Amino acid sequence: MTSPSIVRTVTAELYDAHVLKNYARPALTLVRGRGAQVWDDAGNAYLDFTSGIAVSALGHCHPHWVAAVQRQAAELIHVSNLFRNPQQGELARRIVGYAGPGRVFFCNSGAEANEALIKLARLHGVQKAGGEDGKCYKIICAKNAFHGRTFGGMSATPQEKIQKGFKPMVAGFSFGEINNLESFAALIDADTAAIFVETIQGESGINPCTPEFLRGLRALCDQHNLLLLLDEVQCGVGRTGRFYSFEHAGVTPDAIGMAKGLGGGFPIGAMWVREKHAELFHPGNHGTTFGGTPLACAAALAVLDVIERDKLMEKVRAQSGPWHAALRQLAADFPQHVAGVRGFGYLVGVQLKSDPAPWLAALRERGLLAPSAGGNVVRLLPPLNATAEELAKSVEIFRAALAAKT
Ligand SMILES: *Cc1c(COP(=O)(O)O)cnc(C)c1O
């Protein structure tokens with residue numbers, strides 16, 4: 001057999017004739033990546049601060065990651081969860097090391113991790129109701145949240161643009177306002193099983209839960225026997241300079257959903273559940289064919305290895321100060337366009353005063369890729385190993401784009 005070839009380009013016609021039109025994409029085909037750089041099929045280079053939406057934690061094609069995945073692919077790729085595999089056990093041990101005493105369930109995406117959290121809440125509700133199924137099932141989430149596109153995730157995501165066309169939603173979700181503890185407390189009743197929030201809301205524009213609010217939620221949950229479930233899918237795995245962003249608040253949740261950065265580009269999601277609730281799952285009541293394959297776990301282990309070996313979280317903490325300051329200077333210099341900057345390590349939102357789409361195009365023309373978020377925000381999500389020069393370059397490009405419109 002001939003050796004496999006790499007498909008290096010695709011015409012817009014061929015792509016658009018065959019791929020589902022569920023995204024409005026710019027005319028850009030990416031074919032190669034290295035560190036924080038990607039190249040399109042015309043050979044143009046971009047500084048990639050999209051990072052595949054906070055996924056490529058080590059940038060593109062990091063040599064340690066590539067070697068780990070290549071080696072594992074040649075050794076063992078998939079065996080299902082009917083058998084143990086060494087990589088899954090080791091990755092679970094490492095996640096428990098960050099999260100605390102507990103157990104880990106592996107899946108393939110953020111939505112699936114959150115789905116497991118929602119199922120955990122239901123199981124807790126059954127226990128709370130003395131074994132009665134379907135009675136204690138309510139979950140309190142946050143306005144402007146984003147938890148994914150499955151029915152559970154959508155139901156926890158109170159946004160018309162996400163729910164429209166798919167109703168009815170799953171029953172039992174209600175919504176408080178982040179950083180308004182009273183608004184959550186008022187929604188609790190005897191049938192409530194859990195509170196479920198993003199520690200820092202990502203898709204809606206980088207809106208953080210304050211440490212006081214998170215501690216308040218923890219107290220409410222303790223008081224009413226509710227689970228505190230935190231969605232760390234976007235803000236977790238080192239992005240804020242701590243492994244989990246709730247570490248800034250010093251709370252311990254009952255379960256954590258994580259995904260995006262964990263595999264460094266290989267699809268993997270995980271739920272960590274605190275030891276005292278881990279027994280709610282038993283053989284048969286949850287599962288996945290693909291979750292936690294040797295290959296996916298080897299990829300995630302490579303990410304954790306590099307984060308630890310290269311002290312990337314320390315670097316994120318050290319470098320984000322000057323970077324945020326330089327971005328804030330943009331807000332000061334272009335008040336007609338920029339309303340402010342919200343930054344937590346390498347999870348940054350630049351609040352614009354108008355629709356971000358033309359700004360994204362202006363950044364792209366100047367060689368910077370970045371995603372938008374709700375509320376006229378441009379997100380900047382560099383890889384965790386971005387250099388100070390790359391961070392500075394992002395500011396330079398942003399400044400040029402702003403100056404061109406003044
Ligand atoms: C991206 C995201 C999800 C969904 O993850 P998928 O892997 O796209 O299913 C859930 N929650 C948060 C906070 C996210 O940012």
Side-chain angles (χ1 to χ4, degrees), residues 20 22-23 25 49-57 105-121 139 141-159 161-163 166 169-170 173 175 178 194-209 214 228-240 243-246 253 255-272 288 290-293 296 299-300 303 342 344-349 370-375 377-381 384:
L20 196 74
N22 60 332
Y23 279 86
R25 297 180 182 89
F49 278 19
T50 298
S51 296
I53 319 183
V55 164
S56 310
F105 164 78
F106 290 105
C107 50
N108 310 288
S109 67
E112 282 176 76
N114 288 339
E115 212 61 28
L117 297 186
I118 292 166
K119 289 178 81 168
L120 174 74
I139 301 177
C141 298
K143 290 174 184 167
N144 298 313
F146 180 80
H147 295 295
R149 304 287 191 154
T150 55
F151 267 94
M154 274 196 299
S155 304
T157 300
Q159 297 182 40
K161 66 171 195 247
I162 282 164
Q163 296 184 350
F166 302 112
M169 292 291 113
V170 177
F173 290 87
F175 303 94
I178 61 164
I195 292 176
F196 178 29
V197 298
E198 291 161 89
T199 317
I200 300 169
Q201 292 182 333
E203 295 303 311
S204 72
I206 318 298
N207 303 307
C209 291
L214 288 172
L228 178 60
L229 312 176
L230 293 182
D231 182 344
E232 288 262 338
V233 168
Q234 186 159 160
C235 57
V237 195
R239 184 146 289 278
T240 63
F243 196 78
Y244 297 113
S245 64
F246 64 76
I256 307 163
M258 62 203 104
K260 290 197 165 89
L262 183 60
F266 204 97
I268 185 169
M271 168 185 67
W272 169 90
T288 164
F290 289 112
T293 66
V303 171
R342 292 187 291 278
F344 305 88
Y346 288 2
L347 180 63
V348 162
S372 61
V377 166
V378 167
R379 270 180 292 178
L380 296 173
L381 308 169
L384 304 185

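Ligands are counted one by one from 1 in listed order, and the atoms in each one are counted from 1 as well. Keep in mind it's a predicted model, so treat the numbers as computed, not measured.
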Q. Between Glu232 and Lys260, is there a salt bridge with N-O shorter than 4.0 Å?
A.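 Salt bridge between Lys260 and Glu232, a charged N being under 4.0 Å from a carboxylate O: no.
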
Q. Does the side chain of Ile206 reach to within under 4.5 Å of the side chain of Arg379, using non-hydrogen atoms?
A.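 Ile206 vs Arg379: side chains touch.
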
Q: Kindly indicate whether atom 8 (O) of ligand 1 is approached by any protein heavy atom to under 4.0 angstrom.
A: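 No.
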
**Q.** Geometric N/O contact Gly110 with ligand 1, under 3.5 angstrom
**A.**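 Right, the criterion is met.
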
Q. Do any nitrogen or oxygen atoms of Ala111 lie less than 3.5 angstrom from nitrogen or oxygen atoms of ligand 1?
A.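 Among all N and O atoms of Ala111, at least one is under 3.5 Å from an N or O of ligand 1.
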
Q: Going by heavy-atom distance to atom 2 (C) of ligand 1, choose the closest among Lys260, Gln234, Glu198.
A: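 It is Lys260 whose heavy atom sits nearest to atom 2 (C) of ligand 1.
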
Q) Counting heavy atoms only, which of Ile200, Val55, Asp231 comes nearest to atom 11 (N) of ligand 1? A)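 The nearest heavy atom belongs to Asp231.
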
(Q) Is it the case that atom CZ in Arg342 sees more than 12 heavy atoms from other parts of the structure closer than 6.0 Å? (A)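 More than 12 heavy atoms, drawn from other residues, nucleotides or ligands, come within 6.0 Å of this atom.
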
Q: Give a yes or no on this: more than 12 heavy atoms of other residues, nucleotides or ligands lie within 6.0 Å of atom CZ of Phe175.
A: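 Enclosed: over 12 neighbouring heavy atoms sit under 6.0 Å from CZ of Phe175.
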
Q | Ligand-residue contact atoms, ligand 1 with Asn114, heavy atoms, under 4.0 Å | A |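 Near Asn114, the atoms of ligand 1 are 10 (C), 11 (N).
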
Q | Proximal ligand 1 atoms for Ser109, defined as those under 4.0 Å from one of its heavy atoms | A |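 Ligand 1 atoms under the 4.0 Å threshold to Ser109: 7 (O), 9 (O).
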
**Q.** Leu347/Leu380 under side chain to side chain contact (heavy atoms under 4.5 Å, CB included): CA gap, chis, key distance, verdict
**A.** CA-CA 6 Å; Leu347 180 63; Leu380 296 173; over 6 Å; no

Q: Starting from the C-alpha separation in whole Å, work towards a yes-or-no answer on side chain to side chain contact (heavy atoms under 4.5 Å, CB included) for Asn207 and Ile200.
A: CA-CA 5 Å; Asn207 303 307; Ile200 300 169; over 6 Å; no

